[in-house]
Amino acid sequence: MDAKDGASDLTSSTKKKSRRPKYSQFTQQELPACKPILTPAWVILIFVAIGIVFLPIGFASLFASEHVVEIVDHYDKDCVPPNYVDNKLAYIQSSKTNKTCIRRVTIPKQMKSPVYIYYQLDHFYQNHRRYVKSRSDGQLRSKSNEKKTDTCAPERYTANGAIVPCGLVAWSLFNDTYKFSVNNKQLGVSKKDITWKSDPKKKFGSDVYPKNFQSGGLIGGAKLNSSIPLSEQEDLMVWMRTSALPTFRKLYGKIEADLEADDVVTVTIENNYNTYIFGGNKKLVLSTASWIGGKNCLLGIAYLTVGGLCLFLAISFLLLYLFKPRYVNWLVGLTADNYSVVSMFKRDVLEKKNSPVLCRPLGDTSYLSWNKGGPGGHIY
């Protein structure tokens, strides 16, 4: 009895230690599966399809971009008086200097309304970690969060209480202003719908009003009207969407009138924003728009480059496949004995590219294991 018990214990322990999985189609990887084979024909067709799709998009994008009229005026250096050319910082920081600057811009081609007005800043790093974090989204959304200024350092409080909106992002609000006229006729600048639709609805509350803003000893940028809620402060909402790159454009407004070719637009600029302290640049941009947005040739060039490259590769592979195809010797099911016999006739049989038995063109999938109808192998 003891011997039998010992044998049964050994058998049970052996069964317990076995790691062999229970057989199933899933564990043995025998479930039906899609196994695409990239044959030369399929590769050529894929490249041709990509080329056919990308080339028209590229031409359409490039055509639309070429019809966008864009004017860029780099005004920050030209607006400095001659006696302050060597000391621009003293000019911009002084409250006694005249910041008004008159610029004239000639329209090269007709600009149909709306004409979009942008200001462009260079070397302004809105993506800096401390700058981006210096704001309170909760405070912007609701009046009940007025005192939530923990993330707004160093612009959190004044002697009169919490700053609304707090933080460096709001504090550095762009404050240059532009006025436009043609032939002594004033052009109105519309601020309607220059922000994202989600901003006044979800990110800026209608019950939140500016409070103690720009009332400290150091003024960063523009001031806000304390009688207008943040949900109606378009310039602030545009500015608060920080840019990922140091060179960026932000929408200032729209001119709801056509500008004809050769018109001379007089621009009255209040040059208030201090970019001289960090070596930045300020530019005024007037632009129309197309279905792809503003002037951008890069998108069209990218589509044309990829589409042209795909067509070139498709034609190259097609010519290579037609005039110099690759052949593979399919030595399938040969034993050691008849393989040695076949090796004796290597020159006569295997090197004949047109041999119907042993040579098949590249891409013939009839000899693949899953196409032969036999059961798959098992893993033990």
Are Ile46 and Val306 co-members of a hydrophobic cluster defined by side-chain heavy atoms under 4.5 Å apart? yes
More than 12 non-hydrogen atoms from neighbouring residues, nucleotides or ligands closer than 6.0 Å to CZ on Phe26, yes or no? no
Could you check whether any side-chain N or O of Ser65 sits under 3.5 Å from a backbone N or O of Asn296, counting only pairs where one atom can act as donor and the other as acceptor? yes
The reported gap from CE in Met237 to CG in Leu140 (rounded to nearest 0.5 angstrom) is 10.5 Å
Taking the side chain as C-beta and beyond, is there a heavy-atom pair between Pro246 and Tyr125 under 4.5 Å? yes
Sequence neighbours left out, what passes side chain to side chain contact (heavy atoms under 4.5 Å, CB included) with Pro108? Give chain and number order. Val69, Ile71
Using only atom types and a distance under 3.5 Å, with no angle test, would you say the side chain of Lys143 pairs donor to acceptor with the backbone of Val208? no
Ion pair Arg135/Asp137, N-O distance below 4.0 Å: yes
For the backbone of Lys112 and the side chain of Asp258, can you confirm whether one donor and one acceptor N or O come within less than 3.5 Å of each other? no
Intermediate values then yes/no, side-chain contact (heavy atoms from CB on, under 4.5 Å), Leu187 and Leu259: CA-CA 10 Å; Leu187 296 174; Leu259 300 178; 3.9 Å; yes
Tell me whether Ser134 contacts the main-chain N or O of Arg130 through its side chain, where contact means a donor paired with an acceptor under 3.5 Å. no
So, for Gly300 and Ser61, which heavy atoms are closest and what is the spacing to 0.1 Å? CA-CB, 3.8 Å
More than 12 heavy atoms of other groups within 6.0 Å of Lys250 NZ: yes
Could you tell me whether a side-chain N or O of Thr266 sits under 3.5 Å from a main-chain N or O of Asn184, the two making a donor and an acceptor? no
Could you give me the CA-CA distance, side-chain angles and deciding distance for Thr151 and Lys133, then say whether side-chain contact (heavy atoms from CB on, under 4.5 Å) is met? CA-CA 7 Å; Thr151 58; Lys133 291 176 66 177; 5.8 Å; no
Which word best sums up how the rings of Tyr91 and Tyr276 line up, parallel for under 30°, tilted for 30 to 60°, or perpendicular for over 60°? perpendicular
Lys202 side chain to Asp199 main-chain N or O, any donor-acceptor pair under 3.5 Å? no
Let me confirm one number: the CD1-CG distance from Ile92 to Asn272, rounded to the nearest 0.5 Å. 6.5 Å
Any link between Leu121 and Phe278 through a network of hydrophobic side chains (Ile, Leu, Val, Met, Phe, Trp, Tyr) touching at under 4.5 Å? yes
Please report the interatomic distance OG(Ser142) to CZ(Phe204), rounded to the nearest 0.5 Å. 14.0 Å
Is there a path of hydrophobic side-chain contacts, each under 4.5 Å between heavy atoms of I/L/V/M/F/W/Y residues, joining Trp291 to Phe63? no
Determine the minimum heavy-atom distance between Gly253 and Ile194, stating which atoms define it. CA-CG2, 4.1 Å
Side chain to side chain donor-acceptor pair (under 3.5 Å) partner of Asp73, chosen from Lys283, Gln120, Arg104, Arg103: Arg103
Side-chain donor or acceptor of Ser206 paired with backbone N/O of Ser231 under 3.5 Å: no
Once disulfide (SG to SG under 2.5 Å) is applied, what residue pairs with a partner in residues 210-325 remain, sequence neighbours excluded? none
Report yes or no: does Gln126 contribute a side-chain atom to a donor-acceptor pair with the main-chain N or O of Thr242 at less than 3.5 Å? no
Taking the side chain as every heavy atom from C-beta outward, state whether Lys22 and Thr27 have any atom pair closer than 4.5 Å. no
N/O donor-acceptor pair under 3.5 Å between Asn145 side chain and Gln139 backbone: no
Distance only, no hydrogens: is a donor on one side chain within 3.5 Å (strictly under) of an acceptor on the other, for Ser94 and Tyr84? no
Can you see which heavy atom on Leu173 is nearest to which on Tyr273, and at what distance? O-CE1, 3.5 Å
Got a sec, which pairs hit disulfide (SG to SG under 2.5 Å) with one end in residues 78-109, sequence neighbours left out? Cys79-Cys101
For the pair Leu89 and Asn274, evaluate side-chain contact (heavy atoms from CB on, under 4.5 Å) and give the outcome as yes or no after the intermediate values. CA-CA 8 Å; Leu89 201 57; Asn274 186 4; 3.8 Å; yes
Quiz question: by atom type and distance under 3.5 Å, do the side chains of Glu70 and Tyr118 form a donor-acceptor pair? no
Measure the shortest side-chain to side-chain distance between Asn281 and His123 over non-hydrogen atoms and say whether it is less than 4.5 angstrom. yes
If Ile, Leu, Val, Met, Phe, Trp and Tyr residues are connected whenever their side-chain heavy atoms lie under 4.5 Å apart, and connections chain through other members, are Val85 and Ile269 in the same group? no
The reported gap from NZ in Lys295 to NE2 in His67 (rounded to nearest 0.5 angstrom) is 10.0 Å
Counting only heavy atoms not in Lys254, do more than 12 sit closer than 6.0 Å to its NZ atom? yes
Taking Phe54 as the starting point, is it possible to reach Leu304 by hopping between hydrophobic residues whose side chains are less than 4.5 Å apart? no
Residue that, paired with Lys282, satisfies side chain to side chain donor-acceptor pair (under 3.5 Å) out of Asp76, Asp176, Thr275, Asp122: Asp176
Quiz item: cation-pi between Lys191 and Tyr252, 6.0 Å / 45°: yes
Residues that Tyr178 engages under side-chain hydrogen bond (donor to acceptor under 3.5 Å, both in side chains), provided they are two or more places apart: Tyr75
Would you mind listing every ring pair (Phe, Tyr, Trp, His ring centres under 6.0 Å) that reaches into residues 216-239, with sequence neighbours excluded? Phe124-Trp239
How many angstroms lie between CD1 in Ile52 and CD1 in Ile57, if you round to the nearest 0.5 Å? 12.0 Å
Taking atom CG as the centre, does Asp86 end up with more than 12 heavy-atom neighbours from other residues, nucleotides or ligands that are less than 6.0 angstrom away? no
When every non-hydrogen atom of Ala222 is compared with those of Phe174, the smallest separation belongs to CB-O, 3.6 Å
What's the spacing between Lys99 NZ and Thr177 OG1 if we round to 0.5 Å? 12.0 Å
Could you give the side-chain donor-acceptor pairs of residues 158-169 under 3.5 Å, partners two or more places apart or in another chain?
from   : atom 1 : to     : atom 2 : distance (Å)
Thr158 : OG1    : Asn160 : N      : 3.3
Thr158 : OG1    : Gly161 : O      : 3.4

Chi angles and distances behind the side-chain contact (heavy atoms from CB on, under 4.5 Å) call for Glu256, Lys192: CA-CA 11 Å; Glu256 302 286 356; Lys192 184 180 179 182; over 6 Å; no
Might you point out which heavy atoms bring Phe248 and Ser243 nearest each other, and give the distance in Å? CB-OG, 3.2 Å
Can you give me the closest heavy-atom contact between Leu251 and Ile117, atom names plus distance? CD1-O, 3.3 Å
Side chains of Asn225 and Pro210: closer than 4.5 Å at any heavy-atom pair? no
Does the Gln214 side chain pair with the main chain of Leu224, one donor and one acceptor, at a distance under 3.5 Å? no
